[in-house]
Amino acid sequence: MAIRLAIVGPGRVGQALGRRWVEQGVDLLGFVGRRPETVAAAVRFCGAGASLTPMAAAQAHVLVFAVGDPDLAPAIGTMAGASPRSCSLWLHTSGRHDEHVFVAVRGHGIRTGALHPVAPFPDALSGWRALERMPAVLSGDAAARRLLERLAILLGMTPLWSTGGDRVLYHAACALAANGLTALRSLVDQVFAVAGGLPPAAAAEVAAALMHAALRACDQRGAAAALSGPVLRGDAATLRAHRTALEAHCPAADPAYRALMRQALELARSRGLGDAVAQAVAATLAGGAPPA
Ligand SMILES: NC(=O)c1ccc[n+]([C@@H]2O[C@H](COP(=O)([O-])OP(=O)(O)OC[C@H]3O[C@@H](n4cnc5c(N)ncnc54)[C@H](OP(=O)(O)O)[C@@H]3O)[C@@H](O)[C@H]2O)c1
């Protein structure tokens, strides 16, 4: 029998997951949203479903909360007041929250869990395209496990079970990995553009080649073994030259450069960089203008 599912939050994630589930034969009843035009866009994007009242959505077998993190607890509170169907599964897609956010439905006979789609959703279409083989980090009641896993597999994602831990720190790590890397790439592009000497397409090729190779090396050998470059060599003079040039031409890149190279210094120390050299490197990376 098809899973009858409703989604609270017709945004990027709600639309992307909804469309993939519909393609896989899930019976999408529709969306609960704050604005009719957003709900209508979500229904069009998924090719199924309708605008739902909280009361209608609360009768679904699976209720998915895909609202922004600050809106999650209030949205659950609203749905809890809408005569929810017992034995249903309520899940959210938030990276920041764990199951405690479902406290309002404890005692209603509802199973609860989280399905965090670990993929970027800059818009619904890109998110829908990015789902295949990406991890879905799951957590939830024992009675919810099989259904959560099935929902992840229907999305084409790889289910990974979380055993708890600090959810806010977990989310910070996800943000660093995804948004941090995106921000780093934009800085790299800016510095190449100001440096000149390479047409934009060639600069983009160099940036992509280096970043992909660094990530591959981290995957294969771990971050410390993957480190190369002036910090590993203890080359304070080159680091000073970089900082002087950045200060003069790309001052916005200097704080990120220093922060990242300080982390690289920790890796270099773990690889055996001597104390005296490490201290010289650290002095070069301290705040303020680069030492002469
Ligand atoms: N974006 C990502 O890359 C990503 C990745 C993994 C997980 N997530 C998680 O997925 C969740 C949704 O993220 P998103 O990027 O899809 O956010 P989004 O595009 O801002 O969509 C959230 C939607 O929820 C609606 N909404 C808010 N409160 C509501 C309520 N009480 N009832 C009904 N609808 C409500 C919003 O309405 P309005 O249109 O009126 O604002 C909006 O349409 C977040 O928890 C986020 O952490 C996001």
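By convention here, the first residue in the shown sequence is residue 1. Atoms within a ligand are numbered from 1 in the order they appear, just like the ligands themselves. The shown structure was predicted, so the numbers you read here are calculated from the model rather than taken from an experiment.
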*In the protein, what heavy atom is nearest to atom 33 (C) of ligand 1, and what distance, to one decimal place, separates them?*
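Checking every protein heavy atom, the shortest distance to atom 33 (C) of ligand 1 gives Val32 O, 3.4 Å.
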*Which residue holds the protein heavy atom closest to atom 29 (C) of ligand 1, what is that atom called, and what is the gap in Å?*
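For atom 29 (C) of ligand 1, the nearest protein heavy atom comes out as Val67 CG1, 3.6 Å.
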*asked:* Would the distance check show the side chain of Asp123 and the main-chain N or O of Ser126 forming a donor-acceptor pair, the cut-off being under 3.5 Å?
replied: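 Here the side-chain-to-backbone pair exists.
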*asked:* So, regarding Asp69 and ligand 1 (criterion: nitrogen or oxygen to nitrogen or oxygen, under 3.5 Å), is there a contact or not?
replied: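 Such a contact does occur with ligand 1.
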*Where on Thr93 is there a heavy atom closer than 4.0 Å to ligand 1, on the side chain, on the backbone, on both, or on neither?*
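Answer for Thr93: both.
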_Heavy-atom distances under 4.0 Å decide this one: backbone, side chain, both or neither, for Ala66 against ligand 1?_
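Backbone only; the side chain of Ala66 stays clear of ligand 1.
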_Charged N-O contact under 4.0 Å between Glu149 and Arg146_ =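 No salt bridge links Glu149 with Arg146.
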*Salt-bridge test for Arg167 and Glu99: reply yes if a basic N is under 4.0 Å from a carboxylate O, no otherwise.*
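No, Arg167 and Glu99 are not salt-bridged.
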*Phe121 neighbourhood, listing ligand 1 atoms whose heavy-atom distance to it stays under 4.0 Å*: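 So the atoms of ligand 1 that pass are 1 (N), 2 (C), 3 (O), 4 (C), 5 (C).
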*Distance filter under 4.0 Å to Ala119 heavy atoms, resulting ligand 1 atoms*: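 So the atoms of ligand 1 that pass are 3 (O), 5 (C).
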*Does at least one non-hydrogen atom of Ala42 fall below 4.0 angstrom from an atom of ligand 1?*
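No.
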Kindly list each side-chain donor-acceptor pair under 3.5 angstrom involving residues 54-76, sequence neighbours excluded, with atom names and distances?
{"unit_1": "Gln59", "atom_1": "NE2", "unit_2": "Ser83", "atom_2": "O", "d": "2.9"}
{"unit_1": "Asp69", "atom_1": "OD1", "unit_2": "Ser94", "atom_2": "OG", "d": "2.7"}

*Out of His97, Arg34, Arg12, whose heavy atom sits nearest atom 27 (C) of ligand 1?*
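Residue with the shortest heavy-atom distance to the ligand atom: Arg34.
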Return a table of donor-acceptor pairs under 3.5 angstrom between the side chains of residues 272-282 and protein atoms on other chains or two or more places apart.
none

